[in-house]
Amino acid sequence: MKFEKVFRNSALHPKPVGLVLQYGTAGFRTNAKELDHIMFRMGLLAVLRSKKTKATIGVMVTASHNPEEDNGVKLVDPMGEMVTPSWEEYSMQLANAEQDVLLTALKDVIEKEAISMDQDANIFIGKDTRPSSEKLSQAVSDGVMSLGGHVHDYGVVTTPQLHFMVRCQNTQGCYGSPTMEGYYRKLSQAFMLSLQAPNRTDDQKHLLVDGANGVGALRLRDMERFLQNQLQISLFNDCREGKLNFQCGADYVKVQQKPPQGVEMSVGERCCSFDGDADRIVYYYKDSDGCFHLQDGDKIATLIGTFLKDMLTQAGLDLQVAVVQTAYANGSSTRYLEDVLKVSWCTTGVKHLHHAAQEFDIGVYFEANGHGTVLFSNAAVHKIEKLAQDSSIKNEKKRTAAQLLHSTINVINQAVGDAISDMLLVEGVLAVQGLSVQQWDAIYSDLPNRQRKIKVADRRVITTTDAERRVVTPPGLQEAVDMLVKKYPQSRAFVRPSGTEDIIRVYAEADTQENTDALAQEVCLAVYRLAGGVGEEPKPLH
Ligand SMILES: CC(=O)N[C@H]1[C@@H](OP(=O)(O)O)O[C@H](CO)[C@@H](O)[C@@H]1O
Ligand SMILES: [Mg+2]
């Protein structure tokens with residue numbers, strides 16, 4: 001294999017000397033100015049990954065919920081999942097190699113993974129709407145072609161749409177057609193099938209959607225014609241004006257616990273927000289007192305988990321439903337799953353939900369921030385399809401339940417959390433169960449909670465264990481947190497380094513918002529003092 005082209009072209013995407021980047025929660029993510037060489041090198045790595053897996057690999061250029069001036073890149077593995085953790089090390093090796101040892105680093109991966117360089121390599125590329133995404137995705141293509149890979153550039157798509165295309169391609173179309181039309185048709189047809197509710201009112205069909213001034217707004221606009229008016233969407237923050245993720249979007253609504261800018265919500269109106277690359281969704285509404293009610297990923301997971309359990313019971317199918325959460329799940333949601341819904345549940349780190357959910361017949365996983373999906377095992381798909389196609393079933397309820405389970409398999413994007421797909425599933429479940437957004441909200445009441453961010457000199461000084469719920473280093477920090485938690489009723493708090501922003505995240509919940517905010521503030525001070533806080537000491541929020 002000749003590497004001259006790689007060496008020559010890599011010089012066109014030079015690495016700033018001394019810059020070292022970490023492969024975080026969702027790939028590399030930082031200010032767009034520092035990413036040109038990273039994109040070229042991720043193009044190289046994607047070619048090696050494609051040769052190794054003998055499958056098409058995806059490369060998505062996005063920084064999700066981060067501010068517009070950031071960007072990022074992550075690789076998508078053959079079944080649409082995030083790239084296997086063992087290749088994250090290779091990503092950092094290539095990304096951080098100085099120019100003169102890049103080829104050595106590349107050949108090291110080839111040797112360690114015994115990659116046959118004669119094997120074809122096919123790469124699907126997608127990008128979001130950031131101003132830097134066009135140039136950075138071109139750098140990815142340059143990397144792919146320098147190593148003889150073939151590029152299919154999908155242009156501006158949502159992150160989950162790219163994951164969907166990769167999964168379709170590598171299942172030879174079994175999962176769907178690897179085209180935008182294929183995505184819209186599959187999801188909309190399944191959605192229509194799930195609307196077994198008779199004569200839905202216009203109110204039930206109407207939904208306010210905050211597109212975060214991102215790609216989700218553009219692609220949802222494309223999808224509308226496939227929905228045949230069964231969902232009447234009022235789209236705002238739709239990229240026509242306003243900045244990506246700025247005072248809008250799922251992350252803003254979840255963290256600030258208030259509606260996005262630019263929208264007039266009437267009482268009881270169902271609203272949802274996507275994040276900047278449309279792989280997260282949260283719902284919310286305003287009650288008659290004008291109070292804001294958030295239905296985050298935990299609430300979405302419990303709605304879907306309850307629905308699936310009901311349908312399995314009505315269909316007489318012996319399949320296990322489990323809900324997988326992270327440490328950010330509200331304590332009330334976990335208690336609901338355990339004491340009321342009585343489904344299996346487990347907690348894992350923010351990067352391991354998908355793999356944990358694959359352990360069950362039906363694995364529902366959502367992070368509190370609205371990133372999540374539902375995974376059906378092959379055995380579960382087979383059992384559900386067989387029953388849904390059994391024309392001998394006389395019992396109407398049983399037949400309908402089987403068909404609804406079947407349409408759920410097709411409406412959900414099993415490759416990755418998908419705001420559009422999750423929205424269609426929630427809308428279908430609310431229609432079938434005849435639930436208003438208030439009735440959905442009433443299934444349990446969240447404990448007051450608060451997320452804070454603390455700037456430290458080097459966020460790697462904090463290491464965690466037990467699904468990121470307990471701190472290992474620096475010494476004394478976990479003991480300090482434990483002491484503070486003891487001061488407040490029903491309280492919990494944890495600290496972890498962000499993998500997408502250069503900050504430390506603090507989460508706290510307690511019996512009242514006042515106690516929650518006090519606990520969060522004291523934990524922030526402990527982090528600041530014990531983990532090398534920089535800048536001003538953290539101040540109370542209010
Ligand atoms: C508290 C929070 O929302 N963390 C998010 C955020 O990761 P951090 O490592 O916390 O920055 O971005 C990830 C990728 O989008 C997402 O998976 C995760 O849930
Ligand atoms: Mg996102």
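Every number for a ligand or one of its atoms is a count from 1 in the order of the listing. Here the structure is a predicted model, which means the values were calculated and not measured. The figures that follow rest on heavy atoms only: side chains count, while hydrogens, waters and symmetry mates do not.
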Ligand-residue contact atoms, ligand 1 with [X], heavy atoms, under 4.0 Å:
X	value
R280	5 (C), 6 (C), 12 (O), 13 (C), 15 (O), 16 (C)
Q451	1 (C)
N369	2 (C), 3 (O), 5 (C), 16 (C), 18 (C), 19 (O)
A26	14 (C)
S498	8 (P), 9 (O), 11 (O)
R505	1 (C), 4 (N), 8 (P), 10 (O), 11 (O)
E367	16 (C), 17 (O), 18 (C), 19 (O)
R496	8 (P), 9 (O), 10 (O)

Look at S64 and state whether any of its N, O or S atoms is less than 2.8 Å from the Mg ion (ligand 2).
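An N, O or S atom of S64 is closer than 2.8 Å to the Mg ion (ligand 2), so yes.
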State whether D277 contributes an N/O/S atom found under 2.8 Å from the Mg ion (ligand 2).
yes
For ligand 1, is there an N or O atom under 3.5 Å from any N or O atom of P497?
no
Do the side chain of R450 and the main chain of Y507 share a donor and acceptor less than 3.5 angstrom apart?
no
Are the side chain of Q161 and the backbone of T158 linked by a donor-acceptor contact shorter than 3.5 Å?
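Side chain of Q161 to backbone of T158, a donor-acceptor pair under 3.5 Å: yes, one is there.
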With E522, which of K487, K486, R452 fulfils salt bridge (charged side-chain N to carboxylate O under 4.0 Å, His left out)?
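Among the candidates, only K487 passes.
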Just wondering, more than 12 heavy atoms not from Y154 lying within 6.0 Å of its OH?
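Yes, the 6.0 Å shell around OH holds more than 12 heavy atoms from other groups.
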Are there more than 12 heavy atoms of other residues, nucleotides or ligands under 6.0 Å from atom CD of E338?
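Yes, enclosed.
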Applying side-chain hydrogen bond (donor to acceptor under 3.5 Å, both in side chains), can you list everything that pairs with R167, at least two apart in sequence or on another chain?
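Result, side-chain hydrogen bond (donor to acceptor under 3.5 Å, both in side chains) vs R167: none returned.
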Is the ring centre of [X] less than 6.0 Å from the ring centre of [Y]?
X	Y	answer
Y175	F164	yes
Y365	H354	yes
F494	Y328	yes

Closest protein heavy atom (residue, atom, distance) for atom 11 (O) of ligand 1:
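Protein heavy atom at minimum distance: T500 OG1, 2.5 Å.
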Distance to 0.1 Å, residue and atom name: give those for the protein heavy atom nearest to atom 9 (O) of ligand 1.
T25 OG1, 2.4 Å
Side chains of S64 and D275: do they bring a donor and an acceptor to under 3.5 Å?
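Note: S64 and D275 side chains meet the donor-acceptor criterion.
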With heavy atoms under 4.0 Å as the rule, classify the contact between Y328 and ligand 1 as side chain, backbone, both or neither.
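Only the side chain of Y328 comes within reach of ligand 1.
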In D279, the N/O/S atom nearest the Mg ion (ligand 2) carries the name OD1
For N/O/S atoms only: which one belongs to D275 and is nearest the Mg ion (ligand 2)?
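Closest N, O or S atom of D275 to the Mg ion (ligand 2): OD2.
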